[in-house]
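Beneath this line is the structure, given in structure tokens, with notes to follow.
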Amino acid sequence: MSTVASSPVSSVGGRHTHRHGRARESRRRLTIVLVLTAIYMFAEAFGGWWTGSLTLLADSGHMLADVAALTLALMALWFSARPATPGKTFGYYRLEILAALINGVGLILIALIIFYESYQRWFTAPRVRSVPMIFVAAGGLAVNLICASLLHRDREDDLNVRGAWLHIMGDALGSAAAIVAGIVITVSGWNAADALFSALIGLLIVWSSWHLIREATNVLLEGTPAHINLAAVEDAILATEGVTDVHDLHIWTITSGHEALSAHVIHAYSISQPNLLKELRTKLYDRFGVDHLTIQMETDEFEDEGFHFCQAGTACFRSERE
């Protein structure tokens, strides 16, 4: 006997309501951050041009990337709220991940431009108006810290918001670097400090964007979420009374904070499938936070070996038990 059972946890309605409310709050916060960032981007670009500071211009360029990233984040949140369709049965949740990936790639490109300009200025070291540079950078730091505080709460639950938060924190570090560069130039007259600190901003940008790109890519490749140990999930299923084996076990992320699992579970013939499904559902949600399950129930007399995907060979995780 082989039966497919698709089971969300019983609290899924509440989770969707919570997700809906959280999305509205995220949109409101992202909109405020977008407006603040866009306004100060122009102020910092003017300040960089007036003072002759590449560090300020680099930071304003990063803020331009922030504006684009925040716009993408808002668009992704808006699309993800749209209902699923027959052609897109999971809805538009993955747009959040695509936006995060685009943000990460955009950051890398900005960093490369900064490196190039820093290299050019290292040898020319043009004069910089350091005192106005410090004041402009201090204003940028204040704006970035306000924006970062607005996004801080949602950054762990939403990869898209985390990407925007990383942009903002990169800007904050850039503004701090501009302040230090201005102080160094004021005290020592060493104008090359502007190029040096611009390059440091570039390194910070690369570091933050690499983590974002790696996480987004793992989701798009339907990799196992980093916080879930697949072997531990397998052991938990096998430890359930009545389960004799499990295969074709897959866990992936649909969008941030929303994991899914599919598996073939072989059980004793005498076991009640509804009761077993309920026990597995509760265990997997309580221990691993997986709230969308698709489990094919099988017995030893009818294991669906001829049709399951993992017969392809290397396509699936192979337990060490095998």
Side-chain angles (χ1 to χ4, degrees), residues 1-23 80 83-86 88-91 93-94 156-157 218-219 221-322:
M1 179 174 61
S2 175
T3 304
V4 176
S6 181
S7 173
V9 296
S10 58
S11 60
V12 70
R15 285 175 61 85
H16 281 307
T17 301
H18 173 68
R19 178 182 292 276
H20 219 41
R22 192 182 70 192
S80 67
T85 67
K88 293 181 174 58
T89 55
F90 277 116
Y93 283 134
R94 281 289 171 88
E156 293 298 332
D157 299 322
N218 189 60
V219 173
L221 290 175
E222 299 194 340
T224 303
H227 64 283
I228 295 179
N229 184 320
L230 192 65
V233 174
E234 181 188 42
D235 289 341
I237 294 173
L238 289 171
T240 305
E241 184 179 358
V243 174
T244 60
D245 201 2
V246 59
H247 59 89
D248 281 63
L249 174 60
H250 302 277
I251 307 174
W252 69 97
T253 300
I254 298 171
T255 191
S256 299
H258 192 41
E259 281 76 39
L261 176 149
S262 67
H264 292 220
V265 172
I266 304 173
H267 62 88
Y269 189 82
S270 59
I271 292 295
S272 166
Q273 287 188 351
N275 291 339
L276 178 58
L277 177 62
K278 181 179 179 180
E279 185 176 353
L280 287 172
R281 179 188 67 193
T282 302
K283 177 185 288 188
L284 293 172
Y285 177 70
D286 290 344
R287 292 192 188 179
F288 306 101
V290 179
D291 60 359
H292 185 89
L293 310 178
T294 302
I295 296 178
Q296 177 161 315
M297 297 289 191
E298 300 172 354
T299 61
D300 289 323
E301 291 80 6
F302 188 86
E303 182 184 350
D304 198 11
E305 291 186 350
F307 301 99
H308 64 79
F309 181 70
C310 287
Q311 286 296 313
T314 60
C316 296
F317 164 74
R318 293 290 180 180
S319 170
E320 292 183 357
R321 295 180 297 102
E322 300 176 8

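The figures that follow rest on heavy atoms only: side chains count, while hydrogens, waters and symmetry mates do not. Residue numbers run from 1 in the order of the sequence given.
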Legend entry - T299 and H267: CA distance, side-chain angles, deciding distance, side-chain contact (heavy atoms from CB on, under 4.5 Å) verdict: CA-CA 5 Å; T299 61; H267 62 88; 3.7 Å; yes
Legend entry - Test side-chain contact (heavy atoms from CB on, under 4.5 Å) applied to N229 - qualifying residues, sequence neighbours left out: A231, A232
Legend entry - Nearest heavy-atom neighbours spanning I254 and A260: CD1-CB, 3.9 Å
Inset, instruction - Find out whether I266 and H247 are in side-chain contact, i.e. whether some heavy atom of one side chain is under 4.5 Å from a heavy atom of the other. - result: yes
Legend entry - Over all atoms of both residues, closest heavy-atom pair of E279 and E241: OE2-N, 4.4 Å
Inset, instruction - Please report the shortest heavy-atom distance between T224 and N218, naming the atom on each side. - result: O-ND2, 3.4 Å
Inset, instruction - Quick one: pull up CD in E259 and CG in L293 and give me the separation to the nearest 0.5 Å. - result: 11.5 Å
Legend entry - Atom of H250, atom of D248 and distance for their closest heavy-atom approach: CD2-O, 3.3 Å
Legend entry - I295 side, atom CD1; L277 side, atom CG - distance, nearest 0.5 Å: 5.5 Å
Inset, instruction - State, with a plain yes or no, whether a side-chain heavy atom of V246 is found less than 4.5 Å away from one of H264. - result: no
Legend entry - Non-hydrogen side-chain atoms of I251 and P225 separated by less than 4.5 Å: yes
Inset, instruction - Enter the distance from I237:CD1 to D245:CG here, rounded to the nearest 0.5 Å. - result: 10.5 Å
Legend entry - Given I228, L261, D291, the one that forms side-chain contact (heavy atoms from CB on, under 4.5 Å) with L284: L261
Inset, instruction - First locate atom NE2 of H292, then atom NE2 of H258, and finally report the distance between them rounded to the nearest 0.5 Å. - result: 7.0 Å
Inset, instruction - Mind listing the closest non-hydrogen atom pair of R94 and W252 along with its distance? - result: NH2-CD1, 4.0 Å
Legend entry - Which residues share a side chain to side chain donor-acceptor pair (under 3.5 Å) with K283, sequence neighbours left out: T240
